[in-house]
There are 2 protein chains.
Amino acid sequence: MGYQLELRHFTYFLAVAEELHFRKAAERLFISQPGLSRQIKQMEEIIGAELFIRNKRNVSLTVAGEYLKKEIAYIFNHIDFTVKQTALIDKGSEGEVRIGFLGSAIQTVIPELLVKVDEEYPKIQFSLEEMSNYDQVKAIVSDELDIGFVRLARVPDGVCIKEIQTDTFSLVLPKDHLLNKESFKSVAQVSSEHFVLFSSDYSSIYYNKIMSICEDKGFTPIVSHKSVHAQTIFKLVESGLGVAIVPTSLQYGFDLNVKFLEIPNITQKAELSVIWKEDNRNPALEKVKKFL
Amino acid sequence: MGYQLELRHFTYFLAVAEELHFRKAAERLFISQPGLSRQIKQMEEIIGAELFIRNKRNVSLTVAGEYLKKEIAYIFNHIDFTVKQTALIDKGSEGEVRIGFLGSAIQTVIPELLVKVDEEYPKIQFSLEEMSNYDQVKAIVSDELDIGFVRLARVPDGVCIKEIQTDTFSLVLPKDHLLNKESFKSVAQVSSEHFVLFSSDYSSIYYNKIMSICEDKGFTPIVSHKSVHAQTIFKLVESGLGVAIVPTSLQYGFDLNVKFLEIPNITQKAELSVIWKEDNRNPALEKVKKFL
DNA sequence: AATAATTAATAACTATGGGTTATCAATTGG
DNA sequence: CCAATTGATAACCCATAGTTATTAATTATT
């Protein structure tokens with residue numbers, strides 16, 4: 001009375017259901033026959049159903065027992081899988097890593113990372129979302145994101161940052177613009193044009209860097225439009241609404257009618273960094289961090 | 001070492017996972033806190049994964065623990081149902097089929113189905129529960145329901161859907177409303193009245209259909225109230241808070257002071273569908289499916 | 001800064017009940 | 001009719017779930 005069903009009962013039941021012989025089943029389970037008999041009887045009482053028909057010389061399953069046998073096999077299978085999966089997740093060799101990125105990181109850095117991780121941990125999955133610097137930092141802090149690819153100088157307490165790539169800057173012009181690779185010597189040559197820039201979000205380091213490129217060459221750019229998405233900026237340039245300065249690696253992967261001219265003789269570099277939360281509890285992140 | 005996972009561990013784990021507090025969880029389980037602590041620790045050793053993070057002042061789930069919690073809830077549900085089914089089968093029943101339905105399906109379709117099944121399989125039992133579209137889909141997916149009667153256009157992967165009835169729409173008016181069978185020619189006649197509608201849940205197909213009936217006749221209804229239950233809608237209409245458009249079959253089975261006027265000259269039909277899960281393991285469902 | 005009140009973990013114990021051995025009653029086969 | 005084999009019963013034992021008492025660590029209160 002008041003007993004509780006346990007997996008032990010299921011194990012014993014399956015053995016008897018397969019052997020259809022209490023002594024043999026008991027042997028297989030390395031327990032004594034009376035012990036087994038009693039557990040099965042208890043099980044029948046708990047469930048409230050007769051599972052076996054014993055007529056002193058042979059044992060057979062009832063219809064209810066037949067049904068239960070199928071289900072228990074399924075349940076055990078499910079539990080085994082779940083337990084194994086749980087251990088894998090704990091060890092980080094399975095699970096999901098949520099990545100945020102600026103458009104300019106998707107061309108080179110991220111694909112390389114994914115390939116390397118996939119080689120060693122093929123069961124780790126990724127979710128990718130293009131986000132602004134600001135949103136990434138917020139999402140990292142609130143544990144909605146595991147890794148962010150940003151262009152920032154400072155991050156809040158508890159967030160780690162590591163520089164992983166430096167890039168040169170390029171001037172982006174409409175395809176039919178007069179300037180070309182040979183004639184382009186300095187950004188000062190476009191000092192009178194309108195500029196399309198990335199919005200300054202969270203940290204203004206990126207925005208300021210581009211301003212300083214111009215100021216170093218003796219002029220302050222006239223900013224006509226701002227956007228967070230590279231695609232949009234290129235479209236604006238293509239439409240003749242201005243010129244832009246962006247990291248050089250952005251020239252790959254888009255199919256637009258603009259030309260890139262790498263800017264010579266400047267000290268500014270576009271630095272791409274990875275960020276993650278120090279006490280992030282996703283074990284899969286540990287594995288991925290090795291590749292950063 | 002050499003210990004075996006038991007359902008007891010799962011029960012205890014769930015209690016701690018829900019309370020996130022060892023003492024409170026122990027109280028709920030009517031055992032002592034140290035006993036619980038030891039069982040959880042043992043469980044972590046057996047599985048080979050850290051399930052909780054205890055830092056002396058508060059307890060939280062690890063990612064692996066989070067995963068396990070979800071799965072265990074599912075496993076328990078499955079075991080409970082299996083045990084109940086086994087007992088039912090033992091008692092000569094061929095099992096239970098759990099049915100969910102929208103209020104508007106109980107008048108005609110479900111009684112017909114039950115009678116037909118009962119003729120051929122008098123030993124199959126039914127449990128019936130009125131539920132919203134959304135709740136039915138959720139319950140079907142999590143194996144808490146075998147069959148649902150819904151008004152939906154799309155269902156998630158793994159769920160089957162079959163249209164089984166089309167119905168006309170009727171306008172529902174207070175008993176003393178001026179309009180009657182003879183004078184009612186078009187819904188446009190009530191374009192200035194307030195409308196009481198079914199809430200749009202999960203899929204908005206049903207809601208949109210009613211809106212389109214009005215729009216086809218050249219007006220947008222003023223929606224003053226929404227409800228999921230037919231009974232409530234009728235009560236609101238009766239009280240003079242608005243008029244309603246519902247499937248015609250709803251006029252039977254309620255005893256309210258409202259009148260139904262079938263809407264003429266419209267193309268919209270109210271389609272009722274049955275849904276069930278593709279890999280549902282309830283053998284009684286197989287037998288019932290033939291009658292759908 | 002000192003004290004009180006929390007938390008979960010440890011240690012040592014107690015007793016429930018799973019598992020044991022010994023035996024029985026029933027069936028079958030030579 | 002006796003030997004052999006079946007599962008069930010009865011009485012015992014001991015592993016371990018669960019107990020009480022205590023500790024270590026942390027936070028809140030004075």
Side-chain angles (χ1 to χ4, degrees), chain A residues 1-62 64-66 68-69 72 90 158 279 281, chain B residues 1-62 64-65 68-69 72 90:
Chain A
M1 190 148 303
Y3 287 89
Q4 203 54 49
L5 258 194
E6 289 295 348
L7 291 179
R8 178 185 59 250
H9 293 112
F10 289 173
T11 310
Y12 293 179
F13 169 81
L14 264 196
V16 179
E18 277 163 20
E19 300 283 350
L20 290 178
H21 200 287
F22 277 75
R23 189 179 50 73
K24 282 183 196 158
E27 261 171 41
R28 195 171 106 181
L29 295 164
F30 301 108
I31 63 167
S32 66
Q33 172 265 312
L36 177 59
S37 282
R38 217 178 48 173
Q39 286 295 307
I40 296 291
K41 196 180 168 188
Q42 195 186 74
M43 184 178 177
E44 291 181 314
E45 272 162 21
I46 297 171
I47 294 182
E50 198 187 6
L51 302 175
F52 295 103
I53 300 162
R54 305 87 148 154
N55 48 11
K56 229 48 179 176
R57 204 66 194 173
N58 49 50
V59 176
S60 60
L61 279 163
T62 62
E66 207 83 64
L68 189 62
K69 181 184 171 188
I72 287 183
D90 179 69
D279 60 353
R281 306 230 77 107
Chain B
M1 190 149 300
Y3 286 89
Q4 215 30 65
L5 256 194
E6 289 295 349
L7 291 181
R8 178 185 59 250
H9 292 113
F10 289 175
T11 308
Y12 293 178
F13 169 79
L14 265 196
V16 179
E18 277 164 21
E19 300 282 347
L20 291 179
H21 199 289
F22 277 75
R23 190 179 51 72
K24 281 183 197 159
E27 258 171 42
R28 193 169 108 179
L29 295 163
F30 302 108
I31 62 168
S32 66
Q33 172 263 311
L36 177 58
S37 281
R38 217 179 47 173
Q39 287 295 306
I40 296 290
K41 198 181 168 188
Q42 193 188 74
M43 183 178 177
E44 291 181 315
E45 273 162 20
I46 297 170
I47 294 182
E50 199 188 4
L51 303 175
F52 294 103
I53 299 156
R54 303 89 150 155
N55 50 10
K56 225 58 180 174
R57 203 67 193 173
N58 48 48
V59 175
S60 60
L61 279 163
T62 61
L68 188 61
K69 182 184 170 189
I72 286 183
D90 179 69

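Numbers restart at 1 for each chain; the letters A, B, ... are given by sequence-line order, proteins then strands. The figures that follow rest on heavy atoms only: side chains count, while hydrogens, waters and symmetry mates do not.
For the residue pair A:L36 and A:A26, the shortest heavy atom distance occurs at CD2-N, 3.5 Å. Taking every heavy atom of both residues into account, A:D90 and B:G48 meet most closely at OD2-O, 3.8 Å. Minimum heavy-atom separation, B:S60 to B:L20: CA-CD2, 4.0 Å. In terms of heavy-atom proximity, B:R54 sits nearest to B:I40 at NH2-CG2, 3.7 Å.
Note: B:F13 CZ to B:L68 CG = 4.5 Å, rounded to the nearest 0.5 Å. Atom CD of A:E19 and atom CD of A:E27 lie 9.0 Å apart (nearest 0.5 Å). The line from CG of B:L7 to CZ of A:F10 is 6.0 Å long, rounded to the nearest 0.5 Å. In this structure, the separation between CD on A:Q39 and NE2 on A:H9 is 4.0 Å, given to the nearest 0.5 Å. Here the straight-line distance linking atom CD of A:E18 with atom NZ of A:K24 works out to 13.5 Å at 0.5 Å rounding. The CG atom of A:L5 sits 9.0 Å away from the CD atom of A:Q42 when rounded to the nearest 0.5 Å.
Here D:dA17 presents its C1' atom at 9 Å from OH of B:Y3, a figure rounded to the nearest Å. For A:L36 and D:dG7, the CG to P distance is 9 Å, given to the nearest whole Å. Whole-Å rounding puts the B:H9 NE2 to D:dT16 P distance at 11 Å. Distance CD (A:Q39) to P (D:dT9): 14 Å, rounded to an integer number of Å. Atom CE in A:M43 sits roughly 19 Å away from atom P in C:dG17 (whole-Å rounding). Straight-line distance from the CD1 atom of B:I40 to the P atom of C:dA8: 12 Å, rounded to whole Å. Residue B:I53 contributes atom CD1, which lies 14 Å from atom P of C:dA8 at whole-angstrom precision. Per the geometry, CD belonging to A:Q4 stands 14 Å off C1' belonging to C:dG17, to the nearest Å.
Over its full length, the helix from C:dA1-D:dT30 to C:dG30-D:dC1 turns its helical axis through 10°, comparing axes from the five pairs at each end and rounding to 10°.
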Look for any protein N or O under 3.5 Å of an N or O in nucleotides 10-12 of chain C and output each such pair with its distance, or none.
none

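Here A:R54 does not reach the OP1 or OP2 of D:dT6: none of its side-chain N or O atoms lies under 4.0 Å away. Within the 4.0 Å cut-off from OP1 or OP2 of C:dG18, at least one side-chain nitrogen or oxygen of A:Q42 is found.
At a non-hydrogen distance threshold of 4.0 Å, A:H21, A:F22, A:R23 from residues 10-32 of chain A come into contact with DNA chain D.
Using cut-offs of 30° and 60° on the angle between ring planes, the pair B:F22 and B:F52 is perpendicular.
Heavy atoms of B:E6 sit nowhere under 4.0 angstrom from any nucleic acid atom.
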